Amino acid sequence: MSSICVTARLFLRKDESPLSGQPTLLLVNGPNLSRLGHREPTIYGNETLPQVVDRIRQLAAQQGVSVLDMQSNSEGALIDFLQENAPMANGIILNPGAFAHYSYALRDCLSDVGSYCPIVEVHISNVHQREAFRHESVLAAVVTGQIVGLGTTGYDLAANYLISVIVRGKSEKSASSEHTNI
Ligand SMILES: O=C1C[C@@](O)(C(=O)O)C[C@@H](O)[C@@H]1O
């Protein structure tokens, strides 16, 4: 039974997400981000996580891209979600919360699933202006890029970057098929 699932996954094309039939971005938030809008608003702002997720979903939908979101306070649940969904995703927006600063397990996971699609690490606050323990991200070396300190707009910027990669990939694919047809 399990070998049937593995085989099916190997043959899934990324632009044929089993969930939506559209290219898909994962929007993943780690510990305490469920409290966005309520937690330390002078640092993280007033926008709630559902508001951020709705905005990113609408932004992506305008380009024919769907968004699969999840938030967890648990390291294992984040890793399980990424392992499960990255193979059919076209990009990952990840705010790892405090796991950025010490989770080698999450780093190993990203190093693995980064072979499927680009990953943008987002931090709402400017971690470099804060306590010393926040200055390092152990994930930095295995993600595609980071957006730090631009508030919740960082999620929009990450989505726009990943969507531009998807759109460029599509136009390169159609240009090369036109070329083949000549
Ligand atoms: O939970 C968070 C949020 C954060 O990732 C941010 O978005 O600024 C920064 C982390 O240091 C902190 O632990």
Side-chain angles (χ1 to χ4, degrees), residues 24-63 65-86 89-166:
T24 300
L25 295 182
L26 305 184
L27 175 53
V28 182
N29 280 278
N32 299 306
L33 289 154
S34 49
R35 297 279 306 142
L36 214 52
H38 311 286
R39 167 196 185 201
E40 299 181 275
T42 53
I43 298 176
Y44 299 112
N46 294 307
E47 206 176 11
T48 65
L49 188 58
Q51 287 169 337
V52 172
V53 171
D54 275 0
R55 200 180 58 248
I56 301 305
R57 184 162 281 127
Q58 280 175 35
L59 182 159
Q62 285 164 12
Q63 304 294 330
V65 174
S66 68
V67 172
L68 183 60
D69 74 289
M70 83 87 78
Q71 185 279 330
S72 179
N73 296 329
S74 146
E75 189 181 38
L78 292 167
I79 292 170
D80 287 345
F81 178 85
L82 289 164
Q83 288 179 352
E84 179 69 20
N85 293 291
N90 301 78
I92 300 171
I93 303 166
L94 170 67
N95 186 339
F99 286 145
H101 313 305
Y102 66 91
S103 174
Y104 295 116
L106 187 55
R107 177 194 166 111
D108 284 349
C109 171
L110 296 177
S111 182
D112 171 19
V113 304
S115 63
Y116 295 111
C117 59
I119 303 168
V120 181
E121 177 183 352
V122 173
H123 293 284
I124 297 164
S125 63
N126 186 340
V127 284
H128 303 290
Q129 291 174 345
R130 301 181 63 195
E131 302 94 321
F133 77 87
R134 296 186 204 272
H135 295 180
E136 192 196 357
S137 165
V138 301
L139 314 179
V142 298
V143 296
T144 310
Q146 294 175 301
I147 298 173
V148 169
L150 302 181
T152 51
T153 303
Y155 292 98
D156 303 57
L157 298 171
N160 279 326
Y161 166 72
L162 293 169
I163 291 166
S164 77
V165 172
I166 294 169

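Order of appearance sets the numbers: ligands from 1, and atoms from 1 within every ligand. These figures come from a predicted structure and were not determined experimentally. These numbers come from the heavy atoms of this one structure, side chains and all, not from hydrogens, waters or symmetry mates.
Atom 8 (O) of ligand 1 has as its closest protein heavy atom Ser125 OG, 2.6 Å. Looking only at protein heavy atoms, the nearest one to atom 12 (C) of ligand 1 is Arg134 NH1, 3.3 Å. Residue, atom and distance of the protein heavy atom nearest to atom 6 (C) of ligand 1 are Ile124 N, 3.3 Å. Here the heavy atom of the protein found nearest to atom 4 (C) of ligand 1 is His123 ND1, 3.6 Å.
Residue Ile56 holds its CD1 atom at 6.5 Å from CG of Leu27, rounded to the nearest 0.5 Å.
Taking every heavy atom of Tyr44 and a limit of under 4.0 angstrom, the matching atoms of ligand 1 come to 2 (C), 3 (C), 6 (C), 8 (O), 12 (C). Under a 4.0 Å criterion applied to the non-hydrogen atoms of Val127, ligand 1 contributes the atoms 9 (C), 11 (O).
Between Leu82 and Asp112, every side-chain heavy-atom pair lies at or beyond the 4.5 Å cut-off. Counting heavy atoms from C-beta on, the side chains of Asn29 and Tyr155 come closer than 4.5 Å. Contact of the Phe81 side chain with the Leu68 side chain is registered, since non-hydrogen atoms from C-beta on lie closer than 4.5 Å. Met70 places a side-chain heavy atom less than 4.5 Å from the side chain of Val28.
Of the possible donor and acceptor atoms, none in the side chain of Glu121 sits under 3.5 Å from a partner among the backbone N and O of Gly145.
Using a 4.0 Å cut-off between heavy atoms, Asn95 contacts ligand 1 through its side chain alone, with no backbone atom that close. Here Asn32 has no heavy atoms under 4.0 Å from ligand 1, in either its backbone or its side chain. Within the 4.0 Å heavy-atom criterion, the part of Arg39 lying near ligand 1 is the side chain and not the backbone.
Smallest separation of non-hydrogen atoms from Val67 and Arg57: O-NH2, 3.0 Å.
The option from His101, Glu121, Glu131 that lies nearest to atom 10 (C) of ligand 1, judged by heavy atoms, is His101.
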